[in-house]
Amino acid sequence: MIFSKTLTHWYSINKRNLPWRQTNNPYYIWLSEIILQQTQVKQGLPYYEAFIAKYPTVFDLANANESDVLKLWQGLGYYSRARNLHATSKHVANELKGEFPNNYKNLLKLKGIGDYTASAIASICFNEVAAVVDGNVYRVLSRYFGIDTPINSSKGSKEFKQLAQELIDVNNPADFNQAIMEFGAIQCKPKNPDCNICPFQDSCIAFNKNTISDLPVKIKSAKAKKKHFNFLVFISVDQKTILQKRQGKGIWQNLYQFPLIETENEMDVKTLKPLISEHDLLKDISFELVQYNKDTIIHKLSHQHLYTKFWIVNVGILKEAGILIDEIHDYPVPILIGNFIERFNF
DNA sequence: AATTCGGGGTA
DNA sequence: TACCCAGAATT
């Protein structure tokens, strides 16, 4: 097929020199693919370097504590990736003798590995003819073939997967997969793609119908909900504070935070003080309450906008054990908390 | 089939 | 602002 020939030729000339392209060791490829889910290369690169430096083998990762893995993941987001990464490393190390599955079907059974990642590892490490479909592939194929099926519909995901599987170079699935993603990432970009120097100009339907900016089609997601977060930053006379591990479902699972008071509306000292006076951590003791950030911090996530205030709570002795402020940097925290800790500098 | 998982970058 | 990113898991 001419498409794959043109594409892999473009790739041979234009590909970036990335560290995970120097190996086909499944551990490193797996690590890179998990890190790069919904994450741009530029953002994921330093995390990849940090992980292979600290955990050179799957056994090193399996022997780590989950909190240490989350700490290294801190700031990258989508923390279920880190939890699943750790769980899968234990499974591979302990049940599979350190050997990753060598095919799409069995890779797909591992936690945190879906259709895309199973295809990526199977093709790159084991030359299996399994086409990847990521955001880049949706964009390239929807434009080249002029397909307006919404990419985030079940019909769309099946349609594009089938198309990619028909196009893949059966003699070099690894390079084809990486080529189409690289092409989408650095040339067939979302905005202002480099159509003027594109080797597909003559045959690209969207270019010739002038519909590049309309493709791919995506169903819009719901708007983010507003939440009001009030973090209580305890400071005791013996230089302790309180961090709590987030349990259950929802964002930041298993990361740490200052005790959180979520409220319906924005709070000030007058409204918050009586409210928290009944809190388990403050009942029957005297405390001083000071608002740290004058302006509300608006932390924007995909589905939530967190209107956040940090409240300094000065007390004598904590009602529970707490942690030494000196050791606060050991705990994995959401970047919202991490930024506060840096700026506040205790 | 929809929603929920982060955080950083771009125009 | 709105949209995007080498998506997966849950509801």
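Below, chains carry the letters A, B, ... as their sequence lines are ordered, and counting in each starts from 1.
I113(A) comes within contact range of the sugar-phosphate backbone alone, with a heavy-atom separation under 4.0 Å but no base atom that close. Residue contacts for K111(A): at a heavy-atom cut-off of 4.0 Å it reaches the sugar-phosphate backbone alone, with no base atom in range. Within the nucleic acid shown, G44(A) has no heavy atom closer than 4.0 Å to any nucleic acid atom. Heavy atoms of W73(A) sit nowhere under 4.0 angstrom from any nucleic acid atom. Within 4.0 Å (heavy atoms only), R21(A) reaches at least one base atom of the nucleic acid. Residue contacts shown for Q304(A) are limited to sugar-phosphate atoms, with no base heavy atom under 4.0 Å away. V41(A) comes within contact range of the sugar-phosphate backbone alone, with a heavy-atom separation under 4.0 Å but no base atom that close. Here G184(A) lies out of heavy-atom contact (under 4.0 Å) with every strand. Among the atoms of the strands shown, only primed sugar atoms or phosphate atoms (P, OP1, OP2) are found under 4.0 Å from some heavy atom of K225(A).
Side-chain proximity of N192(A) to the nucleotides dG6(B), dT1(C), dA11(B) is greatest for dA11(B). Minimum atom distance to the side chain of K249(A) is reached by dT11(C), of the listed dG7(B), dA6(C), dT11(C). Comparing dG8(B), dA6(C), dC5(B) against the side chain of I335(A) picks out dG8(B) as the nearest. Comparing dA6(C), dC5(C), dC5(B) by their closest approach to the side chain of Y116(A) singles out dA6(C).
Between H303(A) atom NE2 and dG7(B) atom P the separation is 14 Å, expressed in whole Å. For the pair L70(A) CG and dC5(B) P, the computed distance is 16 Å after rounding to whole Å. Taking atom OH of residue Y79(A) and atom P of nucleotide dG6(B), one finds them 7 Å apart after rounding to whole Å. Taking atom CG of residue N136(A) and atom C1' of nucleotide dG9(B), one finds them 15 Å apart after rounding to whole Å. Going from atom CG of L36(A) over to atom P of dG6(B) covers 18 Å, rounded to whole Å. Rounded to an integer number of Å, the gap from I34(A) CD1 to dA8(C) C1' is 9 Å. Taking atom CD1 on I186(A) and atom C1' on dA6(C), their separation rounds to 13 Å, with Å as the unit. With rounding to whole Å, K42(A) atom NZ is found 5 Å from dT10(B) atom P.
If you check the side chains of D134(A) and Q37(A), you find no donor sitting under 3.5 Å from an acceptor. Using a 3.5 Å distance cut-off with no hydrogens or angles, the side chains of S67(A) and K245(A) do not pair a donor with an acceptor. The closest side-chain donor-acceptor pair between Y116(A) and E33(A) falls under 3.5 angstrom. Counted by atom type alone, Q162(A) and E166(A) present one or more donor-acceptor pairs between their side chains at under 3.5 Å.
Along DNA chain B, the nucleotide nearest I219(A) and the nucleotide nearest V333(A) are compared for position; the residue whose nucleotide lies closer to the 5' end is I219(A). The 5' end of DNA chain B is approached more closely, in terms of each residue's nearest nucleotide, by A222(A) than by the other of K191(A) and A222(A). Checking N84(A) against Q43(A), the closest nucleotide of DNA chain C that is more toward the 5' end is the one next to Q43(A). Each of D115(A) and K220(A) was matched to the nucleotide of DNA chain C holding its nearest heavy atom; the match closer to the 5' end belongs to K220(A).
In this structure, K300(A) does not reach the dA2(C) phosphate: none of its side-chain N or O atoms is under 4.0 Å from OP1 or OP2. Here R81(A) does not reach the OP1 or OP2 of dG6(B): none of its side-chain N or O atoms lies under 4.0 Å away. Under 4.0 angstrom from either OP1 or OP2 of dG7(B) there lies at least one side-chain N or O belonging to H299(A). Listed pair W252(A) / dG7(B) meets the phosphate criterion, a side-chain N or O lying under 4.0 Å from OP1 or OP2. Contact check, T117(A) against dA8(C): a side-chain N or O comes under 4.0 Å of OP1 or OP2. Of the side-chain N and O atoms in Q37(A), none sit less than 4.0 angstrom from OP1 or OP2 of dG7(C).
Taking only distance into account, the side chain of T39(A) meets the base of dG6(B) through a donor-acceptor pair shorter than 3.5 Å. The base of dG6(B) is paired with the side chain of S302(A) by a donor and an acceptor separated by under 3.5 Å. One can find a donor-acceptor pair under 3.5 Å joining the base of dG6(B) and the side-chain atoms of Y78(A).
Comparing the same atom, P, in dA9(C) and in dG8(B) gives a spacing of 24 Å after rounding to whole Å.
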Ring pair (Phe, Tyr, Trp, His ring centres under 6.0 Å) between F3(A) and F200(A), worked out: CA-CA 8 Å; F3(A) 182 83; F200(A) 294 112; 5.0 Å; yes

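Screening F310(A), F344(A), W311(A) against Y292(A) for a ring-ring contact (aromatic ring centres under 6.0 Å, His included) leaves a single residue, F344(A). Partner Q187(A) forms a side chain to side chain contact (heavy atoms under 4.5 Å, CB included) with one of C198(A), C195(A), P193(A) and no other, that one being C198(A).
Between A164(A) and V132(A), the shortest heavy-atom distance links the atoms CB-O, 4.2 Å.
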